[in-house]
Structure formats: structure tokens, C-alpha cells
Number of protein chains: 2
Amino acid sequence: MSKISIKDIALKANVSIATVSYVLNGTRNVRPETRRRVEAAIEEMNYKPNDIAKSLKRQHTNTIGVIAEDITVFNAPDIIDGINDFGDRHDLHILLVNLRLDKRIGRNFNDVTAYRKYAANAVSELLSKQVDGIIYIGVHTRDLTGLIDTEGKPIVYTYGYTKDDVSIQYNDEQASYEAMAYLISQGHSRIAIISGLMDSIPSRLRLNGYYRAVTEFQLPFDPLLIKMGDWERESGFRLAAELLAMPEPPTAILSMNDVMAVGVLQAAAAQGFKVPEDVSVMGFDNREFSDYLTPRITTMNLPLHEMGYQAIETLYQIINGKTSDTRLPPQCQLIERDSVAAPRTK
Amino acid sequence: MSKISIKDIALKANVSIATVSYVLNGTRNVRPETRRRVEAAIEEMNYKPNDIAKSLKRQHTNTIGVIAEDITVFNAPDIIDGINDFGDRHDLHILLVNLRLDKRIGRNFNDVTAYRKYAANAVSELLSKQVDGIIYIGVHTRDLTGLIDTEGKPIVYTYGYTKDDVSIQYNDEQASYEAMAYLISQGHSRIAIISGLMDSIPSRLRLNGYYRAVTEFQLPFDPLLIKMGDWERESGFRLAAELLAMPEPPTAILSMNDVMAVGVLQAAAAQGFKVPEDVSVMGFDNREFSDYLTPRITTMNLPLHEMGYQAIETLYQIINGKTSDTRLPPQCQLIERDSVAAPRTK
DNA sequence: AATTTTTATCTAAACGTTTAGATTATGGCT
DNA sequence: AGCCATAATCTAAACGTTTAGATAAAAATT
């Protein structure tokens, strides 16, 4: 059992513990001969430093707390991976707390009191462990102002933001606009959109992108082409069915996530519409399965890894008092596959 | 900034720091009146305990190190979720290290020296942080004997094992056998299997299950029905194409994972076989998308959450010197959907 | 009222480091 | 050979707790 401390090796190398510390950290000069002796002792006794003790003295832990609302939701792992990517390069460790919100209070976060309790616990756990900063990973972007008190410890949000803290976001409005622009470039002008839950900020933002595209490209605007889904497959199916049953159905359907797009595909098949020949469909998220469906679905990739990377990078800068050189925000990217084509010319 | 320590509150409450510690931990009796005083001080000064200091004195951290070979691989998040589930109930914190193996050395772990380096770094990081134990989450089950030295710190493996350490596994052989039994119960006797990479232990185990089923149910054995894939969609497609082009094609195809099953579905469609009418197909893993495909694919659920839960529970018992009451290992579960039916009677 | 027992509180050391500041050793100059 | 500057090393305090053991206070027993 590794009970050997700096003290033991000091004894063995016949120097003071301070000297050992100096060779360990290179904080002061030490004579080559002495250095050799203590290094030999370290080697021989298989000394392993104790970061807990270090952290107590220095006033930081090199550890950052990550709060994930639910780690099993598709966006979390890649964001965390981005965090690790930066963390590895800067010797930052990750203390993870998983709120498990999906299991505990479900997807719509109305139960603010329960939420507050879980969040407060998470933060105080992290604070007790003296993390140098906190990263928050939500499942849907929303305003978290006033919900989390970190007692002054720096925090940066992804998928979520606050009036007072920094947050890393991609531009939902722009992404949606770009999806529309792509569809329009393919020749579509009658384009339907199926949104997520309307209390969700991304839903509203993406709808704005839709409106902007319709306006800028001067498409004929038809409010009947706008449908409100709930992010789930079934709603995509139901809403697409309605859309395709219209006297003059849209030639393209933009779904605000890939799982509703699955429903859209199924509705199209059920009503004898071929995709993309009879109707184009486009998703959002670039979920792994979007490549497995038939047809492979064209979608919008989310810069998840980059968000995590930028989140911790920003946090790191805040912690170290560096002037955060403003990077451009993470960008979505259109993934062109097989579910979009030019509309039939009638 | 929360610089108030036990010392400050001792001062304010006019007691010694020991007394404060006693009320904090209930380790000794303290007069109600005194307790009230210190509690008031704690409240008033908003005192937050410092776990780092605690950990230095007590010889444990209440922190478990989790090493994930790659957190973006599908099995990791649910396992971690299981770990958190137990961790929450026992006040155990999670220090996560993500080896990011997929990005660094790819899926086949031949490069043992690079692997060793990453693993050793991870362990020593965790050891420095004085974790009470370690959980290892691999991406594929394999023998890790001799690769990781935890210097005596307890470790439990999932998706991976060692001659010397405890590991939590589901029974691959059995799961595969059960899949076969199900297919046979539906009337199939000419059943093909598409394996994963053959240097993978699950591949071999599942093949054993296949053999056992063939033997026990006395199916006619045809070696041509056994195909070696590589876990990727494309191999499922190619191999299923071969299978379906046989003079007497199988009536059912068991794929060792859901992603190859996608390829199987596509090959069937390409060759005009309807699923499940002309050929049944079954997957493995119960990936989210298996429910989104057409037809929805019947598959084998992996007890990921339970594995994580049992892993940390076992570790907890080892750490606390409790006799590990032997639980039965996590069980796979067949998820019946639409891709399997009785074979055509010719 | 004096003594003993019990209960509450305090003192001080310890956990493993880092780091000012003090002390000592080394080597160059005269 | 003696002095000085410089370089190397040491001493001791500090970080925020816990916890034996000592002491003081209160309660119970005579």
C-alpha cells in the first residue's frame, strides 16, 4: 500500500522535505548530485504524489466539475468528450455529476422545486470538492437564470444560459435558416416545418430562421405549413400525415430533429409518397441513425464536441483570469445525404 | 468567496474547532445550547465544508474513479448512469477519465504500447487523486490481464476482465442461445449468423451460443450459414447479400449487433426479400434506432444500467470489506418487435 | 459538602504537501 | 587566507479538517 510520502523519501535521500518538493516541482535550484539522490529514492520507493494534499495547500484542485442534466441524452457524451479533449491537454480533471433528470422528473422541467434541489445538491457537492470551476450541460437550451447559485465559483453553460454567466451555444436561428436556404436552393418553395415543443427555445429560434428564410427568399407564406411537434417520433408521423394529406402538400418537410424525421419518413411511406422523389425531408441533429435510415437522411450536424471544448476552454480562461479571446461560436454543419432532391416539376 | 473555515465559526460560536467538528459530524455529544450556537454561526456565515481537507485527514475520499475507454461509444453512458444511480444513494462521487481510445488508436486495440500508456496515465491520475476505487468501462469485452496496475487499489471491470480482478458481465453465450431459441420457437431451422470481429470475445461467445442452440435443438448444421462481419453496417449488407443469394437461403438471420442488422435489412430490400415475411432478422444491443427502422427490429437488450450499478455496488463492498453477497449477473432481455415472423411454409 | 462518575469541551497532533524566510555551503575574488 | 556573493538547503508555518487524550464542568453519589 502506497503509504510513502515526501517525508519518507526525504529521510531516505537525507535531505529535508522541502528539497524533495523542490525537485518534484522544479521550484528552486537543487544541486545535480542531490537531485539524483532524491530521484533515486523516489524511484526506489515508488513514490506517488498525493494530489489531495497538494490541493489543500495550493488553493486549486485542477479539477473542474461537470453537471450533466442527463448523461444518457444523446448530446451529452460528445460534449463531455470535447471537455476531455481540452482537459487532457491542460491537466484538468473531471468530476462528473449526472442529475439523471430524465429519470427523475422527465423531459419537461416544470417541476422547478425538484429541479432546484437536485441542482443545488450537485453544486454543493462540487463546491465541497473545491473544483476550480463548473460546466453545465443541459438537454435543451433554456434560461436557467436564478436557478443555480455557485457562490461565485465560475461556471459556463452549454445547452442553457443565464443572464449573468457565459454560455456556449451554436446559432439555432442560423442553422435553421441554412437548412431552409439549402432546401430552397434545391428548388423548393413550399416547405413545411415541424417544430419541437414550443416552450423550448431552440424551437422558437429555429422557427425564426424559417421565417427569415421565407421572407428573404420571398416564398409564398402559408401558416398551415407550420406544425408543432413534441420531439418524439410519433408526432413527426402524425404531423407529416396531416401535411401530406393537404390538397396541395409541401414539397419538402423540415423536421426539427432526426427522431421526428423518422416519423415523417414513415408517414410518407404510409401515404405512398416516395422520399425524396415526391417529398424531400430534412432532419436536425445528425444522430447516428440518420445514416441508417432508408433513404439516408439529410440533416444538420451539431457541433457537440466543439461546444464542450469551447466551454472548458472559456472556463479555463476565466479561472486563470485571461482575457477570453473571443472565438467564433460553434457552427452547425449541413450533412447532405439522400432525403432531399429537387421537387417534381408539375 | 467562501474562505470561512471551521476555525472562523469556532471563533464566532466561542468554542474550539473540535467542538465544531463534533456538531458537524455528530461524533461526540455536545450540549444543545452549544450546538445551537455553532449551528447559528454556520448558518450565519454560510459555512461550506472543505472535502479536500476532510479527505486528507480521513483516509478516503468518497470518490470513485471511472475509466471509460471511450465515452462516445453507445454502451458507456448507460453504464455510467447506473454508476451514478448507486453513487447518489451512497454519497459517492465520480472522477471520470475518458481514454478517448476511439479517436486515439481506433477500435482494434492492437497497439498495446500506446494503450498501456493511456491506461497508466489514467490510473496514476486517479491514484494521485486518492480515489477509493476504480471502475473500468471497456468498449468490447476482452482480457485485460496484466495491462493495468492499480497498485493495490480495488478495481472492477465491465466490458473487460482480468484473471485477478472482479468484473461484471452479462452472459453472451446465453444471450445468443436465447436469441436462437426464440427464432427456433418461431419455426425457423435454417438460421444464419453474422458475427462481429472474430478477435472479439463476445463474437466467440455468441457463436458458442449459436452452436449450442443448433445442437440442442438438433438443427441441420450448415457452416455456410456462419459469416464473419466486423460490426459495421457495410459488412452486414455484404454478408446478408451473400446469404440471400444462396440456392437455399436462410429463413432467419441473427446479426451480432444492430448496426450490422441495418445492413441486413438493406440487403434484403435490395434483393427483394421482405422482412419478416421472406426472411426474419434479429439484432443485438437494442440500440435506440432499432425501434426506428422499418420494420422495427427485434433485438437483445443489454443490461447496461444494471452493469454499472452492480459494478459500483461490488466495488463499494470490496472497499468496505463487506462480503460480497453474490447477485446474479445482469441479464440480457429479448425485445420482441416486427422483424421476426414464422418462415414461409413452402 | 466532599467525592466520584459522567458528560462536555479543549488542546494539540496529524494527514501530505508548498513556500517564505533563515541558514549554511560553495566557490570566486582579493 | 579571508571575505563576499551566490547558490543550495533547511526550518517551520500553513492549508482545513479529524480525533485521541486531557481537562473542565456538571450531575450523581455518598
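Numbered from 1 within each chain, the chains take letters A, B, ... in sequence-line order.
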Any pair with a residue in residues 117-138 of chain A that passes ring-ring contact (aromatic ring centres under 6.0 Å, His included), sequence neighbours left out, goes on the list, sorted by first then second residue, please. A:Tyr136-A:Tyr157
Sorted by first residue and then second, give each ring-ring contact (aromatic ring centres under 6.0 Å, His included) pair with at least one member in residues 42-79 of chain B; sequence neighbours left out.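 Applying ring-ring contact (aromatic ring centres under 6.0 Å, His included) to every pair that reaches into residues 42-79 of chain B, excluding sequence neighbours, yields nothing.
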Could you pull out all residues at least two apart from [X] that satisfy side chain to side chain donor-acceptor pair (under 3.5 Å)?
X        : value
B:Thr34  : none
A:Ser124 : none
A:Thr150 : none

Enumerate the residue pairs fulfilling salt bridge (Lys or Arg N to Asp or Glu O under 4.0 Å) with a member in residues 8-17 of chain B, sequence neighbours excluded, ordered by first and then second residue.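 Pairs touching residues 8-17 of chain B that pass the test: B:Lys12-B:Glu44.
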With the sugar-phosphate defined as primed atoms, P, OP1 and OP2, and the base as all remaining atoms, what B/S/- string results for nucleotides 13-22 of chain C, 5' to 3', for protein heavy atoms under 4.0 Å? -BBBBBBBBB
Would you classify A:Ser55 as touching base, sugar-phosphate or nothing, given that sugar-phosphate means primed atoms plus P, OP1 and OP2, and contacts are heavy atoms under 4.0 Å? nothing
Taking DNA chain D as the partner, which of residues 122-132 of chain A come within under 4.0 angstrom of it by heavy atom?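 Within this stretch, nothing sits under 4.0 Å of the strand.
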Go through the structure and list residues passing side-chain contact (heavy atoms from CB on, under 4.5 Å) with A:Arg36, not counting sequence neighbours.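 Only A:Glu33 meet the side-chain contact (heavy atoms from CB on, under 4.5 Å) criterion with A:Arg36.
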Taking salt bridge (Lys or Arg N to Asp or Glu O under 4.0 Å) as the definition, give me every residue that meets it alongside A:Asp149, ordered by chain and number, with sequence neighbours left out.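 Partners of A:Asp149 under the salt bridge (Lys or Arg N to Asp or Glu O under 4.0 Å) test: none.
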Answer yes or no: is there a donor N or O on one side and an acceptor on the other, between the side chain of B:Thr61 and the main chain of B:Gln130, under 3.5 Å?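 Flag set: sc B:Thr61 to bb B:Gln130 pair under 3.5 Å.
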Under 4.0 Å from OP1 or OP2 of C:dA8: is there any side-chain N or O of B:Asn29 that close? yes
Please list every donor-acceptor pair under 3.5 Å in which a side-chain atom of residues 81-96 of chain A meets a protein atom from a residue at least two apart or in another chain.
{"from": "A:Asp81", "atom 1": "OD1", "to": "B:Asn98", "atom 2": "ND2", "distance (Å)": "3.0"}
{"from": "A:Asp81", "atom 1": "OD1", "to": "B:Arg100", "atom 2": "NE", "distance (Å)": "3.1"}
{"from": "A:Asp81", "atom 1": "OD2", "to": "A:His305", "atom 2": "ND1", "distance (Å)": "3.2"}
{"from": "A:Asp81", "atom 1": "OD2", "to": "B:Arg100", "atom 2": "NE", "distance (Å)": "3.4"}
{"from": "A:Asp81", "atom 1": "OD2", "to": "B:Arg100", "atom 2": "NH2", "distance (Å)": "3.0"}
{"from": "A:Asn84", "atom 1": "OD1", "to": "B:Asn98", "atom 2": "ND2", "distance (Å)": "3.1"}
{"from": "A:Asp85", "atom 1": "OD1", "to": "A:Arg89", "atom 2": "NE", "distance (Å)": "3.2"}
{"from": "A:Asp85", "atom 1": "OD1", "to": "A:Arg89", "atom 2": "NH2", "distance (Å)": "2.8"}
{"from": "A:Asp85", "atom 1": "OD2", "to": "A:His305", "atom 2": "NE2", "distance (Å)": "2.9"}
{"from": "A:Asp88", "atom 1": "OD2", "to": "B:Arg104", "atom 2": "NH1", "distance (Å)": "3.4"}
{"from": "A:Asp88", "atom 1": "OD2", "to": "B:Arg104", "atom 2": "NH2", "distance (Å)": "3.4"}
{"from": "A:Arg89", "atom 1": "NE", "to": "A:Asp85", "atom 2": "O", "distance (Å)": "3.4"}
{"from": "A:His90", "atom 1": "ND1", "to": "A:Phe86", "atom 2": "O", "distance (Å)": "3.1"}
{"from": "A:Asp91", "atom 1": "OD1", "to": "A:His93", "atom 2": "NE2", "distance (Å)": "3.4"}

Terminal helix-axis angle for the helix from C:dA1-D:dT30 to C:dT30-D:dA1, with five pairs defining each axis and rounding to 10 degrees: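 That helix has its two terminal axes inclined by roughly 60°.
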